[in-house]
Protein chains: 2
Amino acid sequence: MEKRFNQSVFEELKSLLQDRVTSETNIRNEHGVGYSYHACTPPDCVVFPKNTQEIAEIVKICANHKTPIIPFGAGTSVEGHVLALEGGVCVDLSKMNHIIEINTDDMYVTVESGVTRNQIDEALEGSGFFFPIGPGVNATLGGMASTRASGTNAVRYGTMKDNVLTLTAVLPNGDVIHTGSKAKKSSAGYDLTRLLVGAEGTLGIITELTLKLHSYPEAIFAAVCSFPSVELAVNTVIKTIQKGIQMAKIELLDDQMMRAINLYSALNYAEKPTLFLEFGGSKVELEEQIRKVEEIAHEHKVIEFLWEKGEENRKKLWRARTDAAPAAVALREGGKLMSTDVCVPISKLAKCIVDTQVDIAETNILAPILGHVGDGNFHLTIVVDPNDANEIERAKALNERLVKRALDFGGTCTGEHGIGIGKLHFMQPEHGDALNMMRTIKRAIDPDNIMNPGKLLP
Amino acid sequence: MEKRFNQSVFEELKSLLQDRVTSETNIRNEHGVGYSYHACTPPDCVVFPKNTQEIAEIVKICANHKTPIIPFGAGTSVEGHVLALEGGVCVDLSKMNHIIEINTDDMYVTVESGVTRNQIDEALEGSGFFFPIGPGVNATLGGMASTRASGTNAVRYGTMKDNVLTLTAVLPNGDVIHTGSKAKKSSAGYDLTRLLVGAEGTLGIITELTLKLHSYPEAIFAAVCSFPSVELAVNTVIKTIQKGIQMAKIELLDDQMMRAINLYSALNYAEKPTLFLEFGGSKVELEEQIRKVEEIAHEHKVIEFLWEKGEENRKKLWRARTDAAPAAVALREGGKLMSTDVCVPISKLAKCIVDTQVDIAETNILAPILGHVGDGNFHLTIVVDPNDANEIERAKALNERLVKRALDFGGTCTGEHGIGIGKLHFMQPEHGDALNMMRTIKRAIDPDNIMNPGKLLP
């Protein structure tokens, strides 16, 4: 790839930011890789702006020199979103970590884009409100918006696309724009908020966000239920959703994944296809929902149905779920995680998972499955020997077949991880001519292709 | 305005569609106006395509001649969306009225864009599922998507932006694209679905949609409660939402509007600021919610709290609500409706409404208020004498002040009606530099400005 960075970019940034720009190798290397198997590709320098205005100045400098800009939150993305493929300037948002306003009357919180999930949780502690979207790691809100993240609560509360009210962003020409309004809805013009959410930093840098808050339920119960087959587990979920029962979380773990978490978290669950469920609401509502879901589960031959009504057991359960990825990796000494996800219409989910399990067995790859099954979304936590090139190739081929299967079922190549560089080649098969429209938009807004080049659009 | 239509466009359309193209004056005039005070501006001809492929051919013919194209659903928009400002070809979608698939496992329905709200209701009758979004009229789904419509259920189920899974659209160059997937979520690329929803036909013509279905609640109760003041009514709503009580509908009618519906629907409600509420869920849930909401309402000095548990009374109540606009018009013989809406953060709603009531009184205009108050969205149903130019000017000035007030409160110039031509001049004050980004997108996708020119973007 052609490099588009030069000494005068560095000098101009230096005079703007003084010691908040660096080209130290260690720091560059830390910023050239996410939580993924993609090889580190460092930027030429890293800047640490403190506010939107500074970012606008940085972007103007880079735009003048056609220098690539790569936004960097917590570096937790899994598809290579932060790799500096053409070099350039990494904009580290860690100093943009202020919570600007918590408004409980209008139920929103406004944050700088470097604020993390855990920071929001801490700030809202005791307020009676919470922000529901959370990937399994302590990502930044800017990064979560940019990859259209979701996680375990999405089945009830939606994804980032549903929970961002307004954005402030710096466009490739240095313009600062404010999208949306703090009103709950609007029919005034193009939905730029939803265009920037999921754009992976290719149209601009998100610098502030206003996010919807939700009221904390009066009571929360969780349950663990194991089934004789994936089909029976998934059909339990379909029936439950059809009945209008609003679960907060519906997670599926396959037998392999149950083995992994039993070992890792010293648990003793049946190593069968298992649902982890969570319900939130008033006590009266929950008692009724429990009764209904148990009934549906028994219709689907549930083996065991364990309610976790106490807070401690519930937290233990979800900690085990959160630790699923490290648990999978721990199954194999020296193993490295290669995480992938797809999403299909829920009626196709059981078949998609079962076909994938057969494929995993035939390929002889370690790949426990877990999924946000209420959304039809599931993950393969592939664990490979990083020194075995042949195995890595087989794992990649497994991923290819997984995505092809999901697309054949009318699904998408990624439910929540994003495209980055890892899924670029699936954009054409998934979107067909709609991809041309995406390219037209990208070219119009970023004609010199300086915003996170090489990502999202093949 | 320059006309961009000529005889050869007509001939080419004729050879494609035979008798499904017309330039008859009556038909052109019927297609040159919506449900609004904007004067009829007819197209040069009207075409009646039967499928997406025909629309693509029509668009290619028009693109060749740079002829404007105006999509036309049921003609129920209120801000002049269907006026043929520069002449051209009106694409009437009434023959695109087929329901393609109802899928209850995956809870979606796929329709052609000329299918109406009532058609969907009829098709789903008895299925246990429903589609929640409904403006007060029998609009088409294509039109509703294009104006990002919502209505009384939006407080619980969201707006069109939240309920469209996939779209098929014909772009200005004649390309047919399919956006989104039938999976419930995706992180694969730019969200073209949300870009086309609310674009008012300025980026392309929506020809098919897949819409989310929701399960019909086990039980539905409604209530009518009158309050001494708008503030107390709104604060009841804020508190209820904060408590996480999920109401299906929360409508506010001011004293004037109550007078109108009492007269029109032969009812006998108190002519005070009033909430119409609807709850859906299981019987157990509803009994609990009733208790909580009554408690909150009494804390806010509710005058009367009438529960309507029976289906007949409930239907009567919502019919009265649906008839609010004609009821307002009926207050004045020969009066004509000039409908407008704004949306503000809910904490600002009471003040915004009260200030507006003062303004209405001072302006001496008949303008009952009703609103989807759970969303902070309200309507002025202004009723003017169409022959009194001075009064129309005063009404327009009232609308200007209303919008300015909403923007000052951090709101939007329209919550659900759209921009059309009626609210064009508010786009700059509302969006600032973000408007440039909208223009960049429009120019890139429709460089010859053939798609519904003159709408949405000033």
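As the structure is a prediction and not an experimental result, all values here were calculated from the model. Within every chain, numbering begins at 1; the chains are lettered A, B, ... in the order of the sequence lines, protein sequences first and strands thereafter.
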For a 4.5 angstrom cut-off between non-hydrogen side-chain atoms, does [X] reach [Y]?
{"X": "Met437(B)", "Y": "Leu195(A)", "result": "yes"}
{"X": "Lys243(B)", "Y": "Glu218(A)", "result": "no"}
{"X": "Ile441(B)", "Y": "Leu192(A)", "result": "yes"}
{"X": "Arg148(B)", "Y": "Asp191(A)", "result": "yes"}
{"X": "Ser186(A)", "Y": "Glu430(B)", "result": "yes"}

With a 4.5 angstrom heavy-atom cut-off, which part of [X] approaches chain A: side chain, backbone, both or neither?
{"X": "Ile241(B)", "result": "both"}
{"X": "Leu457(B)", "result": "side chain"}
{"X": "Ile445(B)", "result": "both"}
{"X": "Met107(B)", "result": "side chain"}

Portion of [X] that has a non-hydrogen atom of chain B nearer than 4.5 angstrom:
{"X": "Phe426(A)", "answer": "neither"}
{"X": "Val342(A)", "answer": "neither"}
{"X": "Glu287(A)", "answer": "neither"}
{"X": "Ala406(A)", "answer": "neither"}
{"X": "Lys239(A)", "answer": "neither"}
{"X": "Lys423(A)", "answer": "neither"}

Only pairs of heavy atoms separated by less than 4.5 Å count here; which of [options] has the most with chain A?
{"options": "Lys455(B), Glu285(B), Met438(B)", "answer": "Met438(B)"}
{"options": "Thr414(B), Leu165(B), Thr166(B), Ile245(B)", "answer": "Thr414(B)"}
{"options": "His214(B), Arg194(B), Glu200(B), Lys442(B)", "answer": "Arg194(B)"}
{"options": "Val344(B), Ile238(B), Leu213(B)", "answer": "Val344(B)"}
{"options": "Leu435(B), Thr412(B), Asn103(B)", "answer": "Thr412(B)"}
{"options": "Asp175(B), Asn173(B), Thr202(B)", "answer": "Thr202(B)"}

Could you check which of [options] has the highest count of heavy-atom pairs closer than 4.5 Å to chain B?
{"options": "Gly128(A), Ala188(A), Gly411(A)", "value": "Ala188(A)"}
{"options": "Gly418(A), Gly432(A), Gly198(A)", "value": "Gly418(A)"}
{"options": "Thr159(A), Val176(A), Leu203(A), Val197(A)", "value": "Leu203(A)"}
{"options": "Ala149(A), Gly280(A), Gly376(A), Ser150(A)", "value": "Ser150(A)"}
{"options": "Gly415(A), Ser215(A), Gly244(A), Gly180(A)", "value": "Gly415(A)"}
{"options": "Ile346(A), Asp375(A), Thr440(A), Asp433(A)", "value": "Asp375(A)"}

**Study point:** Asp105(B) versus Ser347(A), closest heavy-atom pair with distance
**Key:** CB-CB, 3.8 Å
Practice item. Give the minimum heavy-atom separation between Gly189(A) and Met427(B), together with the two atoms involved. Key: CA-CE, 3.7 Å
Nearest 0.5 angstrom please: [X] [atom1] to [Y] [atom2], how far?
{"X": "Ser181(B)", "Y": "Leu407(A)", "atom1": "OG", "atom2": "CG", "answer": "8.5 Å"}
{"X": "Lys184(A)", "Y": "Leu349(B)", "atom1": "NZ", "atom2": "CG", "answer": "11.5 Å"}
{"X": "Lys182(A)", "Y": "Cys343(B)", "atom1": "NZ", "atom2": "SG", "answer": "14.5 Å"}

Exercise for review: Using the side-chain contact (heavy atoms from CB on, under 4.5 Å) rule, pick out the option among Lys161(B), His372(B), Met160(B) that qualifies with Lys185(A).
Suggested key: His372(B)
Review point. Can you list the residues that meet the side-chain hydrogen bond (donor to acceptor under 3.5 Å, both in side chains) rule with Thr193(A), with sequence neighbours excluded?
Key: Thr179(A)
Exercise for review: Before giving the answer on side chain to side chain contact (heavy atoms under 4.5 Å, CB included), spell out for Ser282(A) and Gln289(B) the whole-Å C-alpha distance, their side-chain angles and the decisive distance to 0.1 Å.
Suggested key: CA-CA 10 Å; Ser282(A) 72; Gln289(B) 289 180 353; over 6 Å; no
Point to revise | Heavy-atom neighbours of Lys292(A) NZ exceed 12 at 6.0 Å | key: yes
Review point. Ion pair present between Glu288(B) and Lys283(A), side-chain N to carboxylate O less than 4.0 angstrom?
Key: no
Review point. Would a distance-only check, ignoring hydrogens and angles, find a side-chain to backbone donor-acceptor pair under 3.5 Å from Gln242(B) to Thr104(A)?
Key: yes
Check your understanding: What residues form a side-chain contact (heavy atoms from CB on, under 4.5 Å) with Ser146(A), not counting sequence neighbours?
Key -> Ile206(A)
Review point. When you look at His431(B) and Ile177(A), which way does the side chain to side chain contact (heavy atoms under 4.5 Å, CB included) test go after all the steps?
Key: CA-CA 8 Å; His431(B) 295 292; Ile177(A) 63 163; over 6 Å; no
